[in-house]
Amino acid sequence: MEKIELNQIIKWTGSRKLAGGGSEFIGSISTDSRSVGAGDFFIPLKGPNFDGHKFIPEAIKKGATGFVIENSYAAGIDIDSYAHKIVLSVKDTLKFMQDVAYHYIRMINPVVIGITGSAGKTTTKDMLASILGESHDIGFTPKNYNNEIGVPKAILNLGQHTDFFIAEIAMRKKGQIKQLSRLIGPDIGIITSVGESHLQFFESVEEIARTKAEIASELSGNKGVLFLNHDNPWTGLIKDICGCRTKQFGRNHDLDYNFKNESMDSGGCFGFDFCNRKNRLATVHLTIAGYHNIYNACAAAGVSHYLQVSVEDIRKGLAAAVIEKDRMQVLKKGSITVIDDCYNANPLSVACALESLRQIADMKKARSVAVLAEMLELGPDSDQLHYEMGKKIAENNIDLLITFGKIARNINQGYGKDSYYFENKQDCLEAIRGLIKAGDVVLIKGSRANRMEDIIDKI
């Protein structure tokens, strides 16, 4: 973070200065007292199970240059003991951080790219960062920094020479995408896909599609452009309601950006020709398994080409992309091939992973095994969606199904063949080695709360 004058931050946030000793600048911000460094300005955040205000003394002891507190805590602070520090007071410390980030990113003024979708947003972000990072100074939301806390924290790590900022935008409730889009002010948006995810918080997939389209509320004002997956069934609706310019990517050769001549290697990774309309721009090779990741790569390549990035940087960037852990990583455990797609699960992402399982197993002439746990946050239709997933597994001719978790029983019922079901993960862990054979190709996938990586450790 570049140094910002204290008076500027006060103006941006409407905060009140209780003490102003020490530096007249803020040059780095921390929200975690455990990692506060000398010179950091500490922002204590609050949540259902924590209150960062309790850790202000620890942050000061570690060398914080000051802190902000919520107004309700001001009366309980001995300001005289912090006279040599910067102490600010605001109504809401999270909003304080968001306000600083809102103005800071506009001061730095990079080209901002916002990415959302029911599946593929993290992978698309990683691919795009790899491409743009070939020749430019970039910043991006790391790991799962995709919400109202993570996005502003990522913004406040940007330097003054940042050319591009790539923000993954999560969605767990109505209005969240609109709020985060307003924060980042995107010039370009990407909606990777729309499917059945977080239905616990939405009435239908159509409502999810309309909520994803909230990213366009800022794009239209910025004269920006929205990239849409042509082959997703909700793209037509989004295009009709978004109110901004759009470009589409997919497998249709008449699209703005598209792909053809796909081929898969023994690890399930694809190569393909990347095209602008009917003009082939480059032949690229991916290092992440799964046919669905061609779409993510096409989106990242399309945005890069739109930004006038060289074709060579696009090719090199996609080939060198490092994807976040537990996302379609193909591992070897002795003679067993494991598809590690543990990070999370919803019906759309599971369907994509099953397709990869089938393709890799067919190529290796091996037995296909799906080890699945519950898909959470699917609302009142959860049982039916799990049942339909079981039918899809059978249609994909997956040889062996292993599941655990209360709701997952519906997957086995939909599968309709001999399979294995366990009420809890511990029972599954104890049995898994006896069910998997040498030479198998095994997919491991479930919602984040299930910590599916424990299964991989047991194989």
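Ring planes of Tyr73 and His53: parallel class, angle under 30° (limits at 30 and 60°). Classification of the His103-Trp12 ring pair by plane angle, with boundaries at 30° and 60°, yields parallel. Phe274 and His305 have perpendicular rings, their planes meeting at more than 60° on a 0 to 90° scale where under 30° would count as parallel. The aromatic rings of His198 and Phe201 are tilted relative to each other, their planes meeting at an angle between 30° and 60°.
Remark: side-chain polar atoms of Asp187 are not paired, donor with acceptor, to backbone N or O of Val111 under 3.5 angstrom. In this structure, Ser130 contributes its side chain and Asp126 its backbone to no donor-acceptor pair below 3.5 Å. Under a 3.5 Å cut-off, the side chain of Asn147 and the backbone N or O of Ile149 do form a donor-acceptor pair. Glu355 contributes no side-chain N or O that, together with a main-chain N or O of Tyr291, makes up a donor-acceptor pair within less than 3.5 Å. For the pair Glu218 (side chain) and Gly185 (backbone), a donor-acceptor distance under 3.5 Å is absent. Looking only at distances, no side-chain donor or acceptor of Lys121 sits under 3.5 Å from a matching main-chain atom of Ile169. For the pair Ser30 (side chain) and Asp32 (backbone), a donor-acceptor distance under 3.5 Å is present. Panel note: side chain Asn222, backbone Pro186; a donor-acceptor pair is recorded below 3.5 Å. Between the side chain of Asn344 and the backbone N or O of Gly446 there is no donor-acceptor pair closer than 3.5 Å.
Using modelled atom types, one finds a donor on one side chain and an acceptor on the other under 3.5 Å when comparing Asn296 with Asn293. In the model, Ser28 has a side-chain atom that pairs as donor or acceptor with a side-chain atom of Asp40 under 3.5 Å. For the residue pair Thr13 and Asp99, no side-chain donor N or O sits within less than 3.5 Å of a side-chain acceptor on the partner. Of the N and O atoms on the side chains of Ser89 and Asn71, at least one donor lies less than 3.5 Å from an acceptor on the other residue.
Between Asp256 and Gln248, the shortest heavy-atom contact is OD2-N, 2.9 Å.
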What verdict does the salt bridge (charged side-chain N to carboxylate O under 4.0 Å, His left out) test give for Arg34 and Glu58, after you've listed the backbone C-alpha separation in whole Å, the side-chain angles of each residue and the deciding distance to 0.1 Å? CA-CA 8 Å; Arg34 294 168 298 182; Glu58 180 184 345; over 6 Å; no
Criterion salt bridge (charged side-chain N to carboxylate O under 4.0 Å, His left out) on Glu262 and Lys260, from CA distance to verdict: CA-CA 6 Å; Glu262 314 94 288; Lys260 62 181 180 179; over 6 Å; no
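Looking at Lys425 and Asp454, a side-chain N of the basic residue comes within less than 4.0 Å of a carboxylate O on the acidic one, giving a salt bridge. A salt bridge does not link Glu214 with Lys174: none of the charged nitrogens is closer than 4.0 Å to a carboxylate oxygen.
Taking the six-membered ring where the residue is Trp, the centroids of Phe140 and Phe164 are separated by 6.0 Å or more.
Note that Arg106 lies outside the cation-pi zone of Tyr104, set by a 6.0 Å cut-off to the ring centre and a 45° limit from the axis.
Separating the CD1 atom in Ile26 from the CD atom in Glu2 is a distance of 14.5 Å, to the nearest 0.5 Å. Within the model, atoms OG of Ser382 and CD of Glu196 stand 11.0 Å from one another, a figure rounded to the nearest 0.5 Å.
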